[in-house]
Each structure stands twice: as structure tokens, then as C-alpha cells.
Amino acid sequence: MTFDPDNLADLLLIAPFHRWLGLKIVQQSDDHLELEMPWRDELISNPAIGAAHGGILASLIDLTGLYTIIAVGGLAKATADLRVDYHRPATKGPLRATGQVIKLGKTISTAETRILDADGRLVASGRGAYLSA
């Protein structure tokens, strides 16, 4: 299956979980992708401080990396490896994720993602390796 970078907005809606996250393309270029995810109370796992669940942030890093590979013309079918660093609680939104390709490969491609909160503060970052074959 080949993915067309020009239809990336349609690909973001391919799975029910992606639709539930409400991802929108903010910016797409030949070297990076910027996605935005709206804030909803369902994201909160720590009601004492109103912080988003780390799994949601990890998913945002994973999906941004995968779609960044596709946006620049690469192929990404599945996640092979994912590393996430949490820098501060994500307590308000929307959350903005920017992905940058590190390497496009024949078998595995790699991308980095940074997530910023509504105030432009880094809340999480990570790197994913994606299978292309």
C-alpha cells in the first residue's frame, strides 16, 4: 500500500483512535510536519493538577513521527521502536506536535517529535523508528 503525502489529512482520519484525538495539520513541508490536538477533559489522568495522560502524549509523538515520514514522501507502515521523554505536565491545550525526519531508510525510517503546550512550553519529546517494508 502506498500513501500519498498530498492526502495526509485523509490519512489522519483512517483509524477511529486518530479521529478521537482530533488531529489537525497545522503545517506540512518537505522536511517537517506540525499537528495540533485539541484539549479535552478525557485526556486528563491526574485530576489534582489537570494533567494529560502520558499515553496520550506518547501516542501523539508516535503518530506525528509516522505521519512526518509519510509527509516527506517516505513510507511508514508500523512503529518498530518509540522513546518518549516527559518534561513537564501537559495541563492545557491545544497541544502542538512538530515532527522532523532524522533518516529515511529502505527498511526503517526515524523521526523526532516535540510537543508544546498552549504557552509554547516543551511538555514531551521523543523519537520513533518506523518500518517501511
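This structure is a prediction, so every number in the text was calculated from the model and none was measured.
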Side-chain donor/acceptor of Arg19 to backbone N/O of Leu13, under 3.5 Å: yes
Atom NE2 of His87 with >12 non-hydrogen neighbours under 6.0 angstrom: yes
So does Trp20 get a backbone contact from the side chain of Arg40, meaning a donor-acceptor N/O pair under 3.5 Å? yes
Do His18 and Leu63 touch side chain to side chain, with heavy atoms closer than 4.5 Å? yes
Counting only N and O atoms by type, is there a donor-acceptor contact under 3.5 Å from the side chain of Tyr130 to the main-chain atoms of Asp81? no
Can Leu35 be reached from Trp39 by stepping across I, L, V, M, F, W or Y side chains whose heavy atoms are under 4.5 Å apart? yes
Give a yes or no on whether the backbone of Gly50 and the side-chain of Asn46 come within a donor-acceptor separation of less than 3.5 Å. no
Side chain to side chain donor-acceptor pair (under 3.5 Å) involving Glu36 - partner list, sequence neighbours excluded: Arg96
Main-chain N/O of Gly120 paired to Asp117 side chain as donor or acceptor, under 3.5 Å: yes
Should His32 and Thr68 be marked as a side-chain hydrogen bond (donor to acceptor under 3.5 Å, both in side chains) after you check the CA-CA gap, both sets of side-chain angles, and the distance that decides it? CA-CA 6 Å; His32 79 281; Thr68 298; over 6 Å; no
What closest approach, in Å, do Ala76 and Ile70 show between heavy atoms, and which atom pair accounts for it? O-CD1, 4.0 Å
Test applied, side chain to side chain contact (heavy atoms under 4.5 Å, CB included); reference residue, Leu95; option that passes from Leu21, Ile115, Ile56: Ile115
Shortest non-hydrogen pair, Ile69 vs Ala111, comes out as CD1-CB, 4.0 Å
Inter-residue atom distance Glu112.CD - Ser125.OG, 0.5 Å rounding: 8.0 Å
Charged N-O contact under 4.0 Å between Asp119 and Lys92: yes
Please report the closest heavy-atom contact between Ile25 and Ala9, naming both atoms and the distance. CD1-N, 3.6 Å
Glu34 and side chain to side chain contact (heavy atoms under 4.5 Å, CB included): which partner among Gln28, Lys24, Gln27? Gln27
Within one Ile-Leu-Val-Met-Phe-Trp-Tyr cluster: Val84 and Ile102, side-chain cutoff 4.5 Å: no
Looking at every heavy atom in both Leu104 and Gly74, which two are closest together, and how far apart are they? CD2-CA, 4.0 Å
Are any non-hydrogen side-chain atoms of Thr113 and Leu60 less than 4.5 angstrom apart? no
Other hydrophobic cluster members with Leu116, side-chain heavy atoms of Ile/Leu/Val/Met/Phe/Trp/Tyr under 4.5 Å, chained? Leu122
List the atom of Thr64, the atom of Ala97, and the distance in Å for their closest heavy-atom pair. OG1-CB, 3.3 Å
To the nearest 0.5 Å, what is the distance between CZ (Arg114) and OG1 (Thr98)? 8.0 Å
By the rule that ILVMFWY residues connect when side-chain heavy atoms come within less than 4.5 angstrom, directly or transitively, which residues belong alongside Ile108? Leu131
Gln100 side chain vs Asp31 backbone, donor-acceptor pair below 3.5 Å: yes
Distance from Lys77 atom NZ to Ser109 atom OG, nearest 0.5 Å? 12.0 Å
Are Ile44 and Ile49 connected into the same hydrophobic cluster when the rule is that any two of I, L, V, M, F, W, Y join if their side-chain heavy atoms are below 4.5 Å apart? no
If you look at every heavy atom in Ala124 and Tyr86, which pair is closest and at what distance? CB-CD2, 4.3 Å
